[in-house]
Amino acid sequence: MDDFNISHQTQGRNIEIKDKFFKIVFQIFTVLCITGIAASVICDFSLNKAITWSLYPLISIIFLWIICTPALILKSHKILSSIIAITIVVFPYLYILDKITDINSWFKPLAVPITITSLIAIWVSIIVFYILKKKFWYFCSFITFIFGIIVNGIVQYYVNQYTGTNILTLSLLINVSACLLLTVLFAFLGNRKYNKIEEG
């Protein structure tokens, strides 16, 4: 009973120390973000007498702060909460970037389909991770396949549509072939390992 109490108290102190550490990191991170924004805006206004290029670091730092804050202040599900934050704010972030960029609009034809594809792949990967649990090699095989082949192919398609080209480059073929090879290799390693565990 005494050992249990000591262990419980030690665990509680470790959690408290960890929470204090992340709280300090969050405070430092927030100060650095504010400093970065202030420095950019001041330099921009001093040189140009207007807010021009500093809009890029300003909204990017705010975006970074929003997606990192949940991982620093929450006590559990840190990574998942940051991914949720990314899912919520990534479209407004890209839309604002598109509006302040002096080139042809790329938000609808390029950013939206690529971002949707990437977010779907991320959330599917999270679900698969919880399904596979400790089957590391199978998960590596899945991640390599979905991002290295499917997402990569979709991204290349929309980039070609946006730029008006339809070029199947050698580098893309090498990349897809390498990812396909790694997908098969990881699946083979997983099959070999987990079959041995079941037989043992």
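Excluded from the calculations below are hydrogen atoms, water molecules and symmetry mates; all remaining heavy atoms, backbone and side chain alike, are included. All residue numbers refer to positions in the sequence shown, counting from 1.
- A chain of hydrophobic side-chain contacts below 4.5 Å, direct or via other Ile, Leu, Val, Met, Phe, Trp or Tyr residues, connects F145 to F129.
- The two residues I126 and I83 have their closest heavy-atom pair at CD1-CD1, 3.5 Å.
- The hydrophobic clustering, which links ILVMFWY residues whose side-chain heavy atoms are closer than 4.5 Å, places I42 and I59 apart.
- In terms of heavy atoms, N175 sits closest to G148 at ND2-O, 4.3 Å.
- In this structure, CG in L132 is found 8.5 Å from CZ in F142, a value given to the nearest 0.5 Å.
- The closest side-chain donor-acceptor pair between Q156 and N160 falls under 3.5 angstrom.
- Listed for the S125 side chain is a donor-acceptor partner under 3.5 Å among the backbone atoms of A121.
- With hydrogens and angles ignored, the 3.5 Å screen pairs a side-chain donor or acceptor of Y138 with a backbone N or O of N191.
- Under the 4.5 Å side-chain contact rule for hydrophobic residues, I149 and V184 do not share a cluster.
- Hydrophobic cluster membership is shared by L189 and F136, with clusters built from Ile, Leu, Val, Met, Phe, Trp and Tyr side chains linked at under 4.5 angstrom.
- Ring geometry for F63 against Y93 counts as parallel: the plane angle stays under 30°, on a 0 to 90° scale with 60° as the upper cut.
- Heavy atoms only, all atoms of each residue included: C33 and W65 are closest at SG-CD1, 4.1 Å.
- V31 and F29 are members of different hydrophobic clusters when ILVMFWY side chains are connected at heavy-atom separations under 4.5 Å.
- Remark: side-chain polar atoms of S82 are paired, donor with acceptor, to backbone N or O of I67 under 3.5 angstrom.
- Side-chain atoms of K78 come within 3.5 Å of backbone N or O of L74 as a donor-acceptor pair.
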